[in-house]
Chemist: 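For reference, the structure I am asking about is given below.
Reminder, nothing fancy here: chain letters follow the sequence lines and each chain counts from 1. Excluded from the calculations below are hydrogen atoms, water molecules and symmetry mates; all remaining heavy atoms, backbone and side chain alike, are included.
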There are 2 protein chains.
Amino acid sequence: MTFVLVVDDDPAILRTLSINLRARDYDVETAADGRSALQIVDERMPDVVLLDLGLPDIDGISVLKRLRAFTSVPVIVVSARSDPDDKVEALDLGADDFITKPFSIEELLARVRVTTRRSSVAEPALVVTVDDLRLDITESRAVRAGEEIHLTPIEWKIVETLARRRGRLVRQSELLHAVWGPGYERQTNYLRVHLASIRRKIEHDPSAPRIFVTEPGIGYRLLPEDS
Amino acid sequence: MTFVLVVDDDPAILRTLSINLRARDYDVETAADGRSALQIVDERMPDVVLLDLGLPDIDGISVLKRLRAFTSVPVIVVSARSDPDDKVEALDLGADDFITKPFSIEELLARVRVTTRRSSVAEPALVVTVDDLRLDITESRAVRAGEEIHLTPIEWKIVETLARRRGRLVRQSELLHAVWGPGYERQTNYLRVHLASIRRKIEHDPSAPRIFVTEPGIGYRLLPEDS
DNA sequence: AAGCGGCGTCAAGAACGCGTCAACACGGCT
DNA sequence: AGCCGTGTTGACGCGTTCTTGACGCCGCTT
């Protein structure tokens with residue numbers, strides 16, 4: 001998921017942007033001043049930064065400078081100042097775009113899409129390994145001892161849902177909801193059938209599953225990492 | 001020297017921009033309509049295109065679309081229309097920036113610097129080779145055993161998108177979004193038809209594809225490098 | 001010990017996705 | 001105007017995948 005950091009001292013703007021971005025499935029974090037913005041970037045590199053120039057502690061321009069000192073993360077400056085000189089300064093200091101308030105939320109979202117399109121955000125690979133088995137979730141690829149194993153779309157969805165909470169128990173209703181959507185929370189027979197085919201393809205002994213474990217009456221669990 | 005193509009139907013604007021850009025040591029060429037703009041791009045790929053939306057012959061949006069069909073040259077749209085919807089449309093169709101008239105010449109120059117700065121961190125030439133086949137993505141050339149193979153614009157876009165993630169799986173919705181833009185994520189039949197023609201031209205045995213592999217229900221994948 | 005619920009297995013039919021083809025629309029070019 | 005290349009759309013066959021229902025087993029409860 002694309003991670004966006006929004007920096008603005010106005011809580012109303014933070015709220016509006018967060019809501020709109022989250023509605024588009026972005027992962028959003030907010031900062032109300034320059035110091036915490038820099039800290040967040042340091043801890044958890046965003047895919048895009050929306051940066052207001054008027055901040056309470058450090059000047060927005062300085063934040064941009066410091067950002068550029070150690071990263072090339074895309075920055076879109078969002079500012080109330082419409083003076084061309086401000087724009088030129090920010091752009092020449094390394095900002096990727098500049099949009100003046102008030103702005104249309106649609107335009108902002110489009111500009112965010114442009115910058116992320118450019119860096120073509122690579123999802124962190126989600127990979128599960130057990131013995132000689134390798135499940136690459138993001139790639140939808142399963143390999144055991146060099147041998148390619150084919151899983152169907154529904155099987156991948158189930159494996160993915162379990163892998164995202166590896167080691168933890170996933171209730172039947174959650175699994176059903178995640179794979180088939182709302183309204184299927186009681187069709188536990190679907191799970192029985194599909195878990196069976198997954199095990200037939202993946203487990204060494206499908207009748208004594210070690211990787212995809214059943215918690216009777218509750219749900220399923222993917223074998224935790226043996227770290 | 002950086003080569004800029006300025007497209008506008010207003011001679012006064014062409015003149016102003018030319019003068020200002022040349023004063024900054026840019027190599028400038030101008031076009032007063034879409035047709036000649038496309039021709040210039042075809043003959044002598046610019047480093048940046050400044051594109052007005054109101055053109056006498058072809059609509060500026062159409063020019064952008066056709067440009068994007070065979071190149072990824074940076075495009076800054078320069079328009080009198082300030083309607084957010086116009087901006088969103090242009091940006092989603094592949095424009096890199098959008099600036100509304102009247103604008104400060106300094107701001108425009110700064111935005112030109114941003115886009116050239118970005119592309120100067122140039123991408124490596126993207127070439128795919130399989131056996132005696134050679135796909136030169138950036139050049140849009142396909143050759144097998146000295147024999148030139150012709151691919152259409154859409155076919156190139158598909159090949160390019162797959163080549164950029166060579167070996168990795170590209171989901172149908174991603175592919176559709178990359179080639180046709182937002183709103184086409186469900187038209188999987190497009191993919192079926194066009195993948196068929198690509199294979200007919202490229203695969204040794206189109207009925208048993210080795211290079212463009214289908215992952216049923218999920219997407220497509222370009223044969224990884226056998227390194 | 002019997003009953004019950006939950007689980008895994010199996011098989012058959014339905015539904016779906018893919019590849020293919022053909023017809024049509026559209027724009028450019030001669 | 002007519003032709004050509006390209007893209008879009010709908011239809012069809014085929015193989016795969018999903019759904020559905022039946023059945024037996026096991027462990028727990030009564």
Chemist: Categorize A:Ser197 for me: base, sugar-phosphate, or nothing, with a 4.0 angstrom heavy-atom threshold over every strand shown.
Modeler: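 If one applies the 4.0 Å heavy-atom cut-off, A:Ser197 turns out to touch nothing in the nucleic acid.
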Chemist: Select one nucleotide: of D:dG7, D:dC18, C:dT9, the one nearest the side-chain heavy atoms of A:Ser207.
Modeler: C:dT9
Chemist: Whole-Å distance between C:dC18 P and B:Ile198 CD1?
Modeler: 15 Å
Chemist: Using whole Å, what does the distance between atom C1' of nucleotide C:dC26 and atom CZ of B:Arg66 come to?
Modeler: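 For the pair B:Arg66 CZ and C:dC26 C1', the rounded distance is 11 Å.
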Chemist: Counting only side-chain heavy atoms from C-beta out, which of C:dC7, C:dG27, C:dC18 sits nearest to B:Thr214?
Modeler: C:dC18
Chemist: Sequence neighbours excluded, which residues qualify as ring pair (Phe, Tyr, Trp, His ring centres under 6.0 Å) partners of B:Phe212?
Modeler: none
Chemist: Roughly how far apart are A:Leu151 CG and B:Ile218 CD1, rounded to 0.5 Å?
Modeler: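 With rounding to 0.5 Å, CG (A:Leu151) is 8.5 Å from CD1 (B:Ile218).
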Chemist: Whole angstroms only, please: what is the CG-P distance between B:Leu195 and C:dG19?
Modeler: 7 Å
Chemist: I want to verify a distance call: between D:dT8, D:dT17, D:dG5, whose nearest atom is closest to the B:His150 side chain?
Modeler: D:dG5
Chemist: Between atom CZ in B:Arg200 and atom C1' in C:dA22, what is the gap in whole Å?
Modeler: 12 Å
Chemist: In this structure, how many angstroms lie between the P atom of C:dG8 and the CG atom of A:Leu191, rounded?
Modeler: 10 Å
Chemist: B:Asn189 CG to D:dT8 C1': how many Å, rounded?
Modeler: 8 Å
Chemist: Pick base, sugar-phosphate or nothing for B:Tyr220, based on heavy-atom distances below 4.0 Å to the nucleic acid.
Modeler: sugar-phosphate
Chemist: Quick check for you: among C:dG19, D:dT8, C:dG8, whose closest atom lies nearest to any side-chain atom of B:His194?
Modeler: D:dT8
Chemist: The side chain of A:Ala196 lies closest to which of these nucleotides: C:dT9, D:dA11, D:dT19?
Modeler: C:dT9
Chemist: May I have the distance from A:Tyr184 (atom OH) to D:dC18 (atom P), rounded to whole angstrom?
Modeler: 13 Å
Chemist: Nearest to the side chain of B:Thr188, heavy atoms from C-beta on, is which of C:dT9, C:dC18, C:dT20?
Modeler: C:dC18
Chemist: If you only use heavy atoms from C-beta on, which nucleotide in D:dT17, D:dT20, D:dT8 is closest to the side chain of A:Val193?
Modeler: D:dT20
